[in-house]
Amino acid sequence: MSANTTDATTDDADQFPNDFLDIDDLTREQLSTVLTRASELKAGKDLTQLPRTTLAMLFEKPSTRTRASFETGMTQLGGHAMFLGPEDIQLGHGEPLKDTARALAGYADAVMVRTFAHENAEILAEYADVPVINGLTDDAHPCQTLADLLTIREEVGPLGEVSAAWVGDGNNVGRSFAVGAALAGLDLAVATPEGYGLGDDVYDRCADLGTEPTAVDSPEEAVADADVVYTDVWVSMGEEEKREEKLPAFDGYQVNADLLADTDAAFMHCLPAHRGEEVTDEVLESERSLVWTQAENRMHAQKGLLVELLE
Ligand code: CP
Ligand code: NVA
């Protein structure tokens with residue numbers, strides 16, 4: 001269960017959760033079902049439609065992939081996605097989130113939210129009596145994890161046989177990926193600078209799922225046996241003022257040709273990337289890079305999630 005889940009879970013392990021706030025709101029079986037559904041939708045073998053269905057999309061941070069993939073995904077499913085930016089709606093002018101939640105639930109069949117504090121997503125889930133999907137909070141990015149696991153399954157190998165490395169900041173993307181890796185049975189080595197780890201709660205949740213990540217001392221150690229190396233920006237949205245304080249800690253954590261010289265590992269990044277910081281242009285643009293498949297798979301994975309949540 002995600003650490004701060006509200007109504008995202010149910011006593012019945014087989015019943016799909018009401019909300020999707022983090023990856024471990026799904027059971028292992030439900031995760032597998034979503035990924036399989038995503039693959040079948042992507043291949044055109046599953047023609048499920050969600051006609052007259054509306055997804056309200058609440059964005060308090062910028063987005064390219066999340067916005068575009070949910071919007072096109074809903075169009076392909078025969079539904080509609082409604083973009084709500086902070087300046088456009090009363091939320092940005094002082095209306096409480098819990099009021100926004102109840103109003104949107106009166107129109108939309110589901111709400112996707114990208115916000116700052118994870119608690120905001122929980123408040124929405126508590127007050128909206130339609131499914132709430134986390135499109136990124138400061139703590140978690142579970143839709144990204146769905147796409148990442150789909151990509152690994154397509155491009156690297158069966159999830160239970162893959163070793164991954166997380167190198168860099170222990171941020172929202174890394175936290176959800178680690179828990180998703182545990183849920184899916186991937187081995188994960190984690191190299192994060194002191195003070196910027198994934199968080200003890202993530203290790204505890206992974207342990208509960210039966211596969212704790214291995215925290216290692218250096219990026220070199222993390223990538224040594226990895227089939228896939230994953231990194232993300234060192235300064236996430238909302239912590240720009242911490243940039244000068246954070247960057248020195250990441251010296252030596254860049255994913256570059258030297259780090260990957262002795263491995264054939266694939267490279268992953270959720271994007272957007274800061275070339276020259278956490279990854280070089282050379283690695284990002286190399287044959288080993290899976291980033292464009294990851295980006296496309298956001299749409300397919302989310303379609304798998306939407307049909308499971310809404311049909
Ligand atoms: N990876 C991801 O969530 O990208 P956006 O910020 O462009 O949505
Ligand atoms: N960690 C990044 C991910 C962006 C998709 C951020 O939160 O800004």
Tell me, with the steps shown, if His300 and Glu296 meet side chain to side chain donor-acceptor pair (under 3.5 Å). CA-CA 7 Å; His300 303 299; Glu296 181 187 326; 2.8 Å; yes

[X], [Y]: one ILVMFWY side-chain cluster at the under-4.5 Å cut-off?
X	Y	answer
Leu50	Leu146	yes
Phe116	Leu91	no
Val167	Leu188	no
Met268	Leu284	no
Ile152	Val279	no

Would you call the rings of Trp234 and Phe250 parallel, tilted or perpendicular if under 30° counts as parallel and over 60° as perpendicular?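 Ring orientation of Trp234 relative to Phe250: parallel.
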
Whether over 12 other heavy atoms sit under 6.0 Å from [X] [atom1]:
X	atom1	value
Asp225	CG	no
Glu40	CD	yes
Glu287	CD	no

Is [Y] paired with [X] through a side-chain N to carboxylate O contact shorter than 4.0 Å?
X	Y	result
Arg275	Glu282	no
Asp169	Arg175	no
Asp264	Arg288	no
Glu60	Arg114	no

How close do Cys270 and Val173 get, heavy atom to heavy atom, and via which atoms? SG-CG2, 3.8 Å

Where do Met299 and Lys42 land on the side-chain contact (heavy atoms from CB on, under 4.5 Å) test, with the steps shown first? CA-CA 9 Å; Met299 181 181 72; Lys42 181 174 180 177; over 6 Å; no

Any donor-acceptor pair under 3.5 Å linking the side chain of [X] with the backbone of [Y]?
X	Y	result
Ser69	Arg65	yes
Asp88	Leu84	no
Ser176	His141	yes

Counterpart residues, ring pair (Phe, Tyr, Trp, His ring centres under 6.0 Å), relative to Tyr107 (two or more places apart): none

Step by step, would you call Glu71 with His80 a side chain to side chain donor-acceptor pair (under 3.5 Å)? CA-CA 7 Å; Glu71 192 162 332; His80 172 66; over 6 Å; no

Starting from the C-alpha separation in whole Å, work towards a yes-or-no answer on side chain to side chain donor-acceptor pair (under 3.5 Å) for Glu239 and Asn171. CA-CA 11 Å; Glu239 55 176 27; Asn171 65 13; over 6 Å; no

So Val179 and Val202, side-chain contact (heavy atoms from CB on, under 4.5 Å) or not? Walk me through it. CA-CA 7 Å; Val179 178; Val202 165; 4.0 Å; yes

Identify whether NZ of Lys or CZ of Arg in Arg67 sits under 6.0 Å from the centre of the six-membered ring of Phe83 and within 45° of that ring's axis. yes

side-chain contact (heavy atoms from CB on, under 4.5 Å) with Lys303: which of Thr48, Thr72, Leu77?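 Of Thr48, Thr72, Leu77, side-chain contact (heavy atoms from CB on, under 4.5 Å) with Lys303 is met by Leu77 alone.
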
Hey, which of Leu309, Leu26, Val307 is the one that makes side-chain contact (heavy atoms from CB on, under 4.5 Å) with Val34?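 That would be Leu26; it is the only one of Leu309, Leu26, Val307 passing the side-chain contact (heavy atoms from CB on, under 4.5 Å) with Val34.
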
Under the side-chain contact (heavy atoms from CB on, under 4.5 Å) rule, what do Val255 and Phe267 come out as? Steps first, then yes or no, please. CA-CA 9 Å; Val255 178; Phe267 172 73; 3.8 Å; yes

Under the side chain to side chain donor-acceptor pair (under 3.5 Å) criterion, do Gln294 and Thr151 qualify, and how do the steps go? CA-CA 6 Å; Gln294 276 179 275; Thr151 303; 5.9 Å; no

Determine which pairs satisfy side-chain hydrogen bond (donor to acceptor under 3.5 Å, both in side chains) with at least one residue from residues 92-105, sequence neighbours left out, and list them in order. Asp99-Arg102

